[in-house]
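Below: the structure, in structure tokens.
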Amino acid sequence: MSEEVKEVKEVKKARKFEGKPKTDRKAAPKREEEGFDKKLVCVRKVTKVVKGGRTLRFSALVVVGDGKNGVGLGIGKSQEVPAAIDKATAAAKKNINKIRVVDGTIPHEIIGKFGSTQILMLPAKPGTGVIAGGAARAVLELAGIKDIVTKIHGSTNKINCVKATMNGLVALRTREEIAARRGKAPEEI
């Protein structure tokens with residue numbers, strides 16, 4: 001009798017798992033493999049004073065880019081660092097902007113502003129490389145810009161630097177776009 005019961009249980013188990021493919025959580029592809037690279041710019045401890053005392057959380061700033069003129073930034077907060085990084089990455093992927101790049105550099109000089117931070121971005125000749133500070137460098141490299149010179153004025157807060165860089169890059173226009181807006185040929189400009 002006990003042998004029959006064992007056989008019935010084995011048959012039920014075989015039927016149960018027959019149609020389902022085996023999945024290993026470690027082998028499953030991560031969402032990062034959508035063609036995006038990510039850089040963690042900074043992680044900060046932030047506290048909030050509440051009635052019962054202080055609550056400690058972590059804030060993460062992540063920049064995501066595809067290396068083909070698409071870049072985005074995101075900030076996430078959580079009680080644990082990995083969760084904050086995941087939230088920031090998800091927010092960055094939702095906020096991807098297309099940057100205008102001409103021959104590996106920007107089409108014209110521009111000043112990006114955010115808060116008390118100003119970043120001057122100048123186009124550079126091929127072979128110059130990315131000459132920028134840490135926070136701005138992450139945005140520029142992930143956007144696919146190969147040659148650029150930058151100088152930060154004012155606050156060097158990493159969050160403000162990244163946002164100022166993004167504001168400047170989003171405001172860039174190519175010669176063709178400016179000509180079309182003015183109703184002229186690109187050669188006239």
Under 3.5 Å, which donor-acceptor pairs link side chains of residues 167-189 to any protein atom two or more places apart or in another chain?
| unit_1 | atom_1 | unit_2 | atom_2 | d |
| --- | --- | --- | --- | --- |
| N167 | ND2 | K113 | O | 3.0 |
| N167 | ND2 | K163 | O | 3.4 |
| R173 | NH1 | V170 | O | 3.2 |
| T174 | OG1 | E177 | N | 3.4 |
| E177 | OE1 | R100 | NE | 3.0 |
| E177 | OE1 | T174 | N | 3.1 |
| E177 | OE2 | R100 | NE | 3.0 |
| E177 | OE2 | R100 | NH2 | 3.4 |

Exercise for the section: First locate atom NZ of K125, then atom CG of D147, and finally report the distance between them rounded to the nearest 0.5 Å. Expected result: 11.5 Å
Problem - Derivation and outcome, salt bridge (Lys or Arg N to Asp or Glu O under 4.0 Å), residues E141 and K39 - result: CA-CA 10 Å; E141 286 179 348; K39 281 194 181 180; 2.5 Å; yes
Practice task
Could you tell me whether R57 and E80 have a side-chain N and a carboxylate O separated by less than 4.0 Å?
Solution key: no
Practice task
Locate the shortest heavy-atom distance separating G72 from M166; write the atom from each residue and the value.
Solution key: CA-CE, 4.3 Å
Handout entry: For the student: nearest non-hydrogen atoms of T165 and M121, plus distance
Key = O-CE, 3.8 Å
Practice task
Kindly write out the residues that satisfy side-chain contact (heavy atoms from CB on, under 4.5 Å) with L40, not counting sequence neighbours, or none if the list is empty.
Solution key: V43, A60, V62, I85
Problem - Check: T156 main-chain N/O paired with N160 side-chain donor or acceptor under 3.5 Å - result: no
Completion exercise
Separation between OG1 (T150) and CD1 (I131), nearest 0.5 Å, reads 8.0 Å
Exercise for the section: Check the pair V64, L142 against side chain to side chain contact (heavy atoms under 4.5 Å, CB included), reporting the backbone distance first and the verdict last. Expected result: CA-CA 7 Å; V64 172; L142 290 176; 5.8 Å; no
Practice task
Would you mind reporting whether C161 and I119 have side-chain heavy atoms less than 4.5 Å apart?
Solution key: no
Problem - Least distance between heavy atoms, K87 atom then G76 atom - result: CB-CA, 4.0 Å
Exercise for the section: For residues L140 and A132, report the shortest heavy-atom separation together with the two atoms involved. Expected result: CD1-CB, 3.8 Å
Practice task
Could you tell me whether the side chain of L73 reaches within less than 4.5 Å of the side chain of L61, counting heavy atoms only?
Solution key: yes
Handout entry: Crowding at CG, D103 (>12 non-hydrogen neighbours, <6.0 Å)
Key = no
Problem - K98 atom NZ, neighbour heavy-atom count above 12 within 6.0 Å - result: yes
Exercise for the section: Could you pull out all residues at least two apart from A143 that satisfy side-chain contact (heavy atoms from CB on, under 4.5 Å)? Expected result: V71, I99, I145
Fill in the blank from the handout: d(F58 CZ, K45 NZ) to nearest 0.5 Å is 5.5 Å
Handout entry: Shortest non-hydrogen contact from T105 toward A124
Key = OG1-N, 3.2 Å
Handout entry: Sub-4.5 Å side-chain heavy-atom contact between Q79 and L56
Key = no
Exercise for the section: State yes or no: do F114 and V162 share one hydrophobic cluster built from I, L, V, M, F, W and Y residues joined by side-chain heavy-atom distances below 4.5 Å, directly or via other members? Expected result: no
Practice task
May I have the step-by-step check of side chain to side chain contact (heavy atoms under 4.5 Å, CB included) for R44 and K158, ending in yes or no?
Solution key: CA-CA 11 Å; R44 305 180 308 160; K158 290 183 179 181; over 6 Å; no
Fill in the blank from the handout: Of all heavy-atom pairs linking V130 and R137, the shortest is O-NH2, 2.9 Å
Handout entry: Side-chain heavy-atom pair T47, T55 within 4.5 angstrom cut-off
Key = no
Problem - Rounded distance [0.5 Å steps], CD1 in I96 versus CZ in F36 - result: 3.5 Å
Problem - Joint cluster assignment, I111 & L122, ILVMFWY side-chain distance < 4.5 Å - result: yes
Practice task
Go through the steps to decide whether D37 and D66 satisfy the test side chain to side chain contact (heavy atoms under 4.5 Å, CB included), and finish with yes or no.
Solution key: CA-CA 6 Å; D37 295 329; D66 58 2; over 6 Å; no
